[in-house]
Amino acid sequence: MQSLSETDGLIMFILEIYLLFIPILGRVIATFLCSGEKEVDLAVQSAKAAFKIWRKKSGMERSRILLEAARIIRERKDEIATVETINNGKSVFEARLDIDTSWQCLEYYAGLAASMGGEHVQLPGGSFGYTRREPLGVCVGIGAWNYPFQIASWKSAPALACGNAMVFKPSPFTPVSTLLLAEIYTEAGVPPGLFNVVQGGAATGQFLCQHRDVAKVSFTGSVPTGKKIMELASKGVKPVTLELGGKSPLIIFSDCDIENAVRGAMMANFLTQGEVCCNGTRVFVQREILDKFTEEVVKQTKKIKIGDPLEEDTRMGPLINRSHLQHVLGFIEQAKNEGAKVLCGGDLCVPEDPKLKDGYYMTPCVLGNCKDGMTCVKEEIFGPVMSILSFDTEAEVLERANDTNFGLAAGVFTRDIQRAHRVVAELQAGVCYINNYNVSPVELPFGGYKMSGFGRENGRVTIEYYSQLKTICVEMGDVESVF
Ligand SMILES: NC(=O)c1ccc[n+]([C@@H]2O[C@H](COP(=O)([O-])OP(=O)(O)OC[C@H]3O[C@@H](n4cnc5c(N)ncnc54)[C@H](O)[C@@H]3O)[C@@H](O)[C@H]2O)c1
Ligand SMILES: O=CCc1c[nH]cn1
């Protein structure tokens, strides 16, 4: 909850006060002031000063500092994961996995930092040209609340490896853990101000996007906000990376290993309380195995332990806040009204522990009898709600899977290797999984097609999104003027 609307859109100096609720207890644990235009400018100016030092360092020097930051994250993993759990509500078990992919991302880009280079091209008469890969300057990162530390790491690691500075704004719902990342970069030896954190909501984000000294904006969040960011950035002709929402299909063919497919569907729907952009929430199951698959998925979903996410064996904590919980429950009501059948869950949950009574808990839900036109099948719910649909043929399911404006991810379960590759080649999605779901190795690019965004995070290609190419043309002879 917050004191002013996230979408108020005031373009003027304002100071909002946010109340920081923790999802586990549904209680305020802190208040903080948002960065206004002045604070945003201070952050950008200090990043700009740090950039002047950082850009001069060699790739090896930058690499060493990123490796040291990765080492500190590893060393402080349990502490950071605990903060993330308090921040977001996800189970501490999962939060530790997020922290792992965070330090792995820093290590990965540390490994690439020293090998970024251009090419040398021979031209007639002994002349030649060469290219230099140069940083962009001060980059802005704006994050969503579902993976706060990981999103900040996935953006800052390639940005810093390429020689940029970054000013990062986390979601006002999860402002805390990103501060630990800033502390760690400083301890590892980056110049002061190279990675700055500003706090706030829509207004703070807007100040960042329209600041004249900002060279690039990398955004993770919803489609409506992504459109606004693109519009703001276009005024300054700033490049943007947009990592937006999804409504991804997961296709289960009858020849699959059914136990693996069930595990895959659980991974595709219930991590982080279902608040995951790439979730495979439209689960298409071939009719021959529909009953068997559904029965097993329902059985496994009922077993998920909900409760205090700081306990080791909890696998589902509270949703991010009360209004989001109501929003998700609203989708389930609407699904029932539209003819879907609740096969399990979908209710408010009050854990036995009395201290959790005001937290934002619900039981994970499986919806059966879903049809393509239903709201629960068309819209991103961003909660623990799986919709099961049946299909008969490969051609039919491909048509239906692609019939969406989103295109973030997709999955296929089958033992037929030719079918698997044929199907993923036709799926309109930036990330496709064969016989697994929701694994995100940092070596592989991550990002969407269609309205799920553009640009990529992770993988070698992301270097191109945080750098620019300079061409130098060298004449070895005399100038041949046409005049
Ligand atoms: N593709 C991905 O990698 C990815 C990852 C995580 C989440 N998401 C998506 O994020 C959404 C959930 O996150 P959310 O509710 O935090 O999204 P959101 O769009 O409401 O907010 C995201 C961030 O943008 C800021 N913001 C809001 N309005 C702004 C404006 N006008 N100008 C600048 N900044 C502004 C917010 O304060 C927040 O930091 C879901 O749609 C989810 O799919 C995508
Ligand atoms: O929520 C979507 C997946 C993800 C995790 N970290 C960044 N994106």
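Quick caveat: nothing in here was measured; it's all calculated off a predicted structure. Throughout, residue positions are numbered sequentially from 1 according to the sequence presented. Each ligand, and each atom within it, is numbered from 1 in the order the structure gives.
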Taking N or O atoms only and a 3.5 Å limit, does Gln206 qualify as a polar contact for ligand 1? yes
So which of Tyr147, Phe382, Trp154 gets nearest to atom 8 (N) of ligand 2, if we judge by its closest heavy atom? Trp154
Phe173 near ligand 1, heavy-atom distance under 4.0 Å? no
Pairs of nitrogen or oxygen atoms closer than 3.5 Å, one from Asn146 and one from ligand 2: do any exist? yes
Numbering the atoms of ligand 1 from 1, which are under 4.0 Å from a heavy atom of Ala144? 7 (C), 10 (O), 13 (O), 16 (O)
Against heavy atoms of Val276, which atoms of ligand 2 measure under 4.0 Å? 1 (O), 2 (C)
N/O to N/O below 3.5 Å, does that happen between Thr225 and ligand 1? yes
With backbone taken as N, CA, C and O and side chain as the heavy atoms from C-beta onward, which portion of Thr204 lies under 4.0 Å from ligand 1: side chain, backbone, both, or neither? neither
Return yes if some donor-acceptor pair links the side-chain N/O of Arg322 with the main-chain N/O of Asp358 below 3.5 Å, else return no. yes
Is it true that Gly453 lies under 4.0 Å from ligand 1, counting heavy atoms only? no
Determine whether the side chain, the backbone, both or neither of Tyr147 has a heavy atom under 4.0 Å from any heavy atom of ligand 1. neither
Please work out, at 4.0 Å between heavy atoms, whether the side chain, the backbone, both, or neither of Leu208 comes within that distance of ligand 1. neither
Give yes if a backbone or side-chain nitrogen or oxygen of Ile151 is under 3.5 Å from a nitrogen or oxygen of ligand 2, and no if not. no
Which ligand 1 atoms does Gly143 reach within 4.0 Å, using its non-hydrogen atoms? 22 (C), 23 (C), 38 (C), 39 (O)
Region of Val276 that comes within reach of ligand 1 [heavy atoms, distance under 4.0 Å]: neither
What do you reckon, does Ile229 have a nitrogen or oxygen under 3.5 Å from a nitrogen or oxygen of ligand 1? no
